[in-house]
Amino acid sequence: MNLHHLLNARLAAGKPVRVALIGAGKFGSMFLSQVPHTPGLEVPVIIDIDRDRAHEACRTVGWDQARIARTVFTDDGARAIADSAVDVVVEATGNPAVGIRHARAAIAAGKHVVMVNVEADVLAGPLLAREARKAGVVYSLAYGDQPALTAEMVDWARATGFRVVAAGKGTKYLPAYHDVTPDGVWQHYGLTAGEAQSAGMNPQMFNSFLDGTKSAIEMAAIANATGLDVPSDGLLFPPCGVDDLPHVMRPREAGGVLEKAGLAEVVSSLERDGRPVFRDLRWGVYVVLEAPNDYAADCFRQYGLKTDASGRYAAMYKPYHLIGLELNISILSAALRNEPTGQPHDFRGDVAAVAKRNLRAGEMLDGEGGYTVWGKLMPASKSLSAGALPIGLAHRVQLKNNVAHGEVVRWSDVDVDENSDTIKTRRGMEAAFSTIP
């Protein structure tokens with residue numbers, strides 16, 4: 001609760017917090033919109049493969065010409081990261097391989113890393129975080145995105161003495177969404193293809209939110225950062241509004257839907273027949289907690305918390321998340337307090353590529369939100385024992401074998417370059433954090 005005070009002290013000392021932003025897309029643009037209104041925070045360099053797009057993003061979010069003129073726009077990430085004036089590197093590209101490369105370059109240069117790129121975090125985040133800790137810098141999840149906000153709520157619950165029963169986020173979900181491709185995505189958002197194109201919306205990216213992949217990735221990130229487990233056979237996506245969280249999101253033995261307590265799970269804003277859930281949590285995050293004693297349960301009732309019938313399970317939730325508009329919290333926490341806003345410490349959740357249709361040998365996989373695969377959340381031990389191909393590596397790789405609709409794609413089903421730095425990093429992470437004897 002003192003980040004603003006600490007930032008003012010840095011400003012008064014003439015030492016603003018300086019950030020290198022990599023990726024000026026939607027998340028990056030939302031962050032950039034707040035920079036002129038945060039004295040003591042500066043972005044001297046923006047790295048993007050399309051420098052003209054980055055210029056336009058700054059103009060769109062309200063930067064004046066003077067601020068734009070004193071900003072370096074480059075596509076040379078390594079050189080910008082090495083700049084001695086930079087304190088924090090924000091990786092917001094969304095490309096797992098690129099994200100890993102940038103994170104390692106930043107750690108080697110002694111910079112803190114805020115990893116907006118949750119795809120990279122789930123692929124190799126536990127290893128990257130360990131490397132950052134050894135180097136004496138911070139590797140952090142991005143505040144404003146749902147994994148960091150959920151991790152914060154889990155930490156709050158545990159620090160106040162509550163048992164965490166479940167934690168996660170809300171989304172719009174129906175089982176049929178797993179097979180949706182970019183060609184059919186916009187109807188589910190209430191848009192035409194023309195409207196989406198004019199707004200600059202990427203169909204494959206938005207489809208990764210719809211088909212369940214992004215939810216799986218974010219729950220894996222939460223599990224790895226908090227020590228929560230993940231469901232044994234993938235996310236359930238139970239329909240649930242905020243008032244019903246304590247009733248639905250409790251163990252089956254207590255009348256809920258969870259196989260056990262202590263899980264990361266996503267709730268749907270749609271009933272299975274497509275009707276909207278009452279008081280849904282589509283944009284928010286939640287934690288369900290259990291009172292440790294009768295006295296605490298009585299306090300739940302006395303202070304108006306919604307509980308289950310027993311009175312022992314209650315929920316806290318945040319109805320919205322503001323993405324890049326809230327990113328300053330991570331940046332300032334790293335630079336001013338040397339603390340992450342969520343960080344993977346273990347490898348508990350993984351996301352496997354699953355066939356959207358019958359796939360044939362010779363086909364090329366096209367990654368998150370594409371035409372060929374979606375991402376399924378799995379316990380890391382189960383994913384490793386099955387030889388499942390991580391969704392973050394299912395980009396532009398060719399199948400050697402047929403894979404049936406709904407089946408997990410395995411490492412043995414694809415041609416991969418084991419000499420790739422990304423694959424070496426992933427293999428290193430598996431070896432360092434494997435729970436398989």
Side-chain angles (χ1 to χ4, degrees), residues 27 90-92 96 99-100 103 107 112-134 137-160 162-169 214-231 235 261-266 284-289 316-318 321 323 326-327 329-331 333-334 337-351 375 377-381 383 390-392 425-426 429-430 432-435:
F27 200 114
V90 172
E91 216 299 332
I100 291 169
I107 292 166
H112 303 303
V113 180
V114 175
M115 184 61 87
V116 177
N117 188 339
V118 70
E119 293 82 3
D121 179 77
V122 169
L123 192 61
L127 184 63
L128 297 174
R130 174 185 286 184
E131 291 174 358
R133 290 191 294 269
K134 287 182 178 179
V137 295
V138 171
Y139 173 97
S140 178
L141 299 179
Y143 201 90
D145 221 352
Q146 287 161 310
L149 297 180
T150 305
E152 178 185 48
M153 297 191 81
V154 169
D155 186 64
W156 165 84
R158 288 171 171 166
T160 48
F162 295 112
R163 179 191 186 197
V164 174
V165 177
K169 69 165 195 171
K214 186 67 76 171
S215 289
I217 289 171
E218 292 183 335
M219 293 306 103
I222 290 167
N224 295 340
T226 63
L228 292 172
D229 288 325
V230 303
L235 291 168
L263 292 181
E265 183 59 85
V266 178
V285 297
Y286 76 92
V287 61
V288 172
L289 43 97
M316 287 290 188
Y317 60 91
K318 190 172 186 177
H321 66 299
I323 324 292
E326 299 182 82
L327 186 61
I329 301 299
S330 289
I331 293 166
S333 182
R337 299 169 69 174
N338 209 45
E339 291 182 355
T341 52
Q343 179 188 89
H345 290 274
D346 202 357
F347 182 37
R348 305 182 74 86
D350 198 15
V351 184
L377 182 64
M378 299 177 69
S381 58
S383 170
I391 190 70
T425 300
R426 168 66 187 206
M429 198 270 290
E430 292 177 352
F433 292 89
S434 173
T435 56

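Every value quoted in this text rests on a predicted model; they were computed, and no experiment measured them.
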Looking at [X] and [Y], what are the two nearest heavy atoms and their distance?
| X | Y | result |
| --- | --- | --- |
| Ala223 | Val230 | CB-CG1, 3.6 Å |
| Ala148 | Ala142 | CB-O, 3.3 Å |
| Val118 | Ala221 | CG2-CB, 3.7 Å |
| Val164 | Ala157 | CG2-CB, 3.8 Å |
| Ala334 | His112 | O-NE2, 3.4 Å |
| Pro231 | Leu377 | CD-CD2, 4.0 Å |

Could you work out, with side-chain contact (heavy atoms from CB on, under 4.5 Å) as the rule, every residue matching Ser140, not counting sequence neighbours?
Val138, Ser330, Pro340, Thr341
Any residue meeting side-chain contact (heavy atoms from CB on, under 4.5 Å) with Ala129, in chain and number order, not counting sequence neighbours
Arg133, Tyr139, Gln343, Pro344
Enter the distance from [X]:[atom1] to [Y]:[atom2] here, rounded to the nearest 0.5 Å.
| X | Y | atom1 | atom2 | answer |
| --- | --- | --- | --- | --- |
| Lys318 | Met153 | NZ | CE | 8.5 Å |
| His321 | Glu326 | NE2 | CD | 8.5 Å |
| Leu289 | Met316 | CG | CE | 7.0 Å |
| Leu127 | Asp121 | CG | CG | 11.5 Å |
| Gln146 | Leu141 | CD | CG | 12.5 Å |
| Met429 | Glu131 | CE | CD | 11.5 Å |

Check whether any side-chain heavy atom of [X] lies under 4.5 Å from a side-chain heavy atom of [Y], and answer yes or no.
| X | Y | value |
| --- | --- | --- |
| Leu235 | Glu265 | yes |
| Val116 | Val90 | yes |
| Val266 | Met219 | yes |
| Leu128 | Met115 | yes |
| Leu327 | Tyr143 | no |
| Asp145 | Phe27 | yes |

Look at the side chain of Asp350 and the backbone N and O of Met378, then say whether any donor-acceptor pair between them is shorter than 3.5 Å.
no
Tell me if a side-chain donor or acceptor on Arg426 pairs with a main-chain N or O of Pro390 at a distance below 3.5 Å.
no
Check each of Leu228, Asp229, Thr226, Ile222 against Arg348 using the side-chain contact (heavy atoms from CB on, under 4.5 Å) test, and report the only one that passes.
Asp229
Kindly write out the residues that satisfy side-chain hydrogen bond (donor to acceptor under 3.5 Å, both in side chains) with Glu91, not counting sequence neighbours, or none if the list is empty.
Thr93, His102, Asn117
